[in-house]
Number of protein chains: 2
Amino acid sequence: MRRFRGEAENKVDAKGRVSIPAPFRRVLEEGDPDWTAGLNPNFVIVYGRRNSKCLEGYSLSSMNDVDDLVSRLPRYSKEREILERLLNSQSIYVQVDENGRIVIPPRIRERAQITSKAMFVGMGDKFQIWEPDSYRHDMVAIDQRLSENNFEDEIYSLLDYNESNSEKI
Amino acid sequence: MRRFRGEAENKVDAKGRVSIPAPFRRVLEEGDPDWTAGLNPNFVIVYGRRNSKCLEGYSLSSMNDVDDLVSRLPRYSKEREILERLLNSQSIYVQVDENGRIVIPPRIRERAQITSKAMFVGMGDKFQIWEPDSYRHDMVAIDQRLSENNFEDEIYSLLDYNESNSEKI
DNA sequence: TCATTTCCCATGATACACCATTAGTTATCG
DNA sequence: CGATAACTAATGGTGTATCATGGGAAATGA
């Protein structure tokens, strides 16, 4: 399964329309079971994450994967109910139009404080939509963490460590 | 699995096109699950490493290996989130064209300060793309380190150490 | 009705597919 | 065995499809 990769900063017009970056569309198409050549893919935007100011886009198939994970939690457990709430009530089904654009409703745009520009960020099985400056701040924070006492080397070496010691989580 | 070996300095034209060295293409083909004779391989370029000024090319299968390693880190851990960000947002899916070339987008070329030439450097399961002068500087720096109090011998002796002590290197 | 949303068409820039050339290497054949 | 043909690799150039974006007409709905 292809992954969402890369960054793209696109304009949001007065009607709330934004182009989905073409490479992301390819991934969405692949993840939409109903999609065939000539059609436009549909997908899901989740806006429920509280501690990061961005929206998250899931292809239909990867949204299914997440739903499956949730359904493995005990029925009626507090955790499951909250996740169900965040993932289901705080999300919308989105249709890509003929020109590769979507419309983000005002209420949801406000969530991420998106006004005139949107930064699309690949995250593998999902992508994020940020207000560009917020994203850059977030990225600077990551850079700073990485530059602190060889944190980058440390992080990369975690890979080797885990390679030999743990199973897949 | 065949490995990326050797160096090659190729021209980058005004449109950002560069030839992938033919031997590297052979490795990329082998690492692309969808590739068959007659087709051109696809792969991934990662530009997220902070403390080295080069781009890194991964075959699809070795990129998968890296993704798998990351997914063994605890979900939502700081380390994992940072790695996911670096590996996914700071990377692009690349398609080799009929003539064995790729296009490196301007933004990414700037990362490595590549203008008119690119140095391809084999690194086993991945390869690096350098601005040729930067690469030569890096190589000189390595030579100097190696000449300091038998560092070279020390380094090679690490191999013996690991051979006897760990399972996987 | 008036505002908002949805659909359709237009456009400039860019990216991509396609064709051409050169040089070096290997293969073929008289 | 030497000459030439066939191939592959790297590189240059060109036309066309695609992408991101803007604007307006039709449809919707409060």
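By convention in this document, chain letters (A, B, ...) are assigned in the order of the sequence lines, proteins followed by strands, and residues within each chain are numbered from 1.
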From D:dT11, D:dT14, D:dG22, pick the nucleotide closest to the side chain of B:S19?
D:dT11
Of the listed nucleotides (D:dG13, D:dA20, C:dC16), which one gets closest to any side-chain atom of B:R17?
D:dG13
Over how many whole Å does the gap from A:E98 atom CD to D:dC19 atom P extend?
12 Å
Between B:F24 and B:F4, what is the ring plane arrangement, given parallel below 30°, perpendicular above 60°, and tilted in between?
perpendicular
Compare every heavy atom of B:S61 with every heavy atom of B:M1, then report the nearest pair and how far apart it is.
CE-OG, 3.7 Å
Looking for any heavy atom pair under 4.0 Å, which part of the strands does A:I20 touch: base, sugar-phosphate only, or nothing?
sugar-phosphate
On the nucleotide C:dT6, are OP1 or OP2 found under 4.0 Å from the side-chain N or O atoms that A:K15 carries?
no
Counting side-chain heavy atoms from C-beta on, which of D:dG24, D:dT11, D:dA20 comes nearest to B:N10?
D:dT11
Quickly work out the A:R101 CZ to C:dT6 C1' distance and round it to whole Å.
11 Å
What's the CD1-P distance between B:I92 and C:dA15, to the nearest Å?
11 Å
Using modelled atom types only, decide if a donor and an acceptor are shared between the side chain of B:R25 and the backbone of B:I20 within a distance under 3.5 Å.
yes
Identify which nucleotide among D:dG12, D:dG22, D:dC19 has an atom closest to any side-chain atom of A:D13, counting heavy atoms from C-beta outward.
D:dG22
Tell me: CG of A:D97 to P of D:dC19, nearest whole Å?
13 Å
Provide, to the nearest angstrom, the distance between the CZ atom belonging to A:F120 and the P atom belonging to D:dC19.
15 Å
Could you give the CD1-to-C1' distance, from A:I104 to C:dT6, as a whole number of Å?
16 Å
For C:dT14, does OP1 or OP2 lie under 4.0 Å from any side-chain N or O of B:R107?
no
Less than 4.0 angstrom between a side-chain N/O of B:R25 and OP1 or OP2 of D:dA10, yes or no?
yes
Below the 4.0 Å mark, does D:dC19 have OP1 or OP2 next to a side-chain nitrogen or oxygen of A:R26?
yes
Round to the nearest Å and state the distance from A:K117 atom NZ to D:dA20 atom P.
14 Å
Length of the CG-P vector between B:N40 and D:dT8, whole Å:
13 Å
Given DNA chain C, 5'-ward residue of the pair B:N99 and B:P105, judged by closest heavy atom:
B:P105
B:E9/B:R136 salt bridge by N-O under 4.0 Å criterion:
yes
Sidechain N-carboxylate O distance under 4.0 Å for B:R80, B:E84:
yes
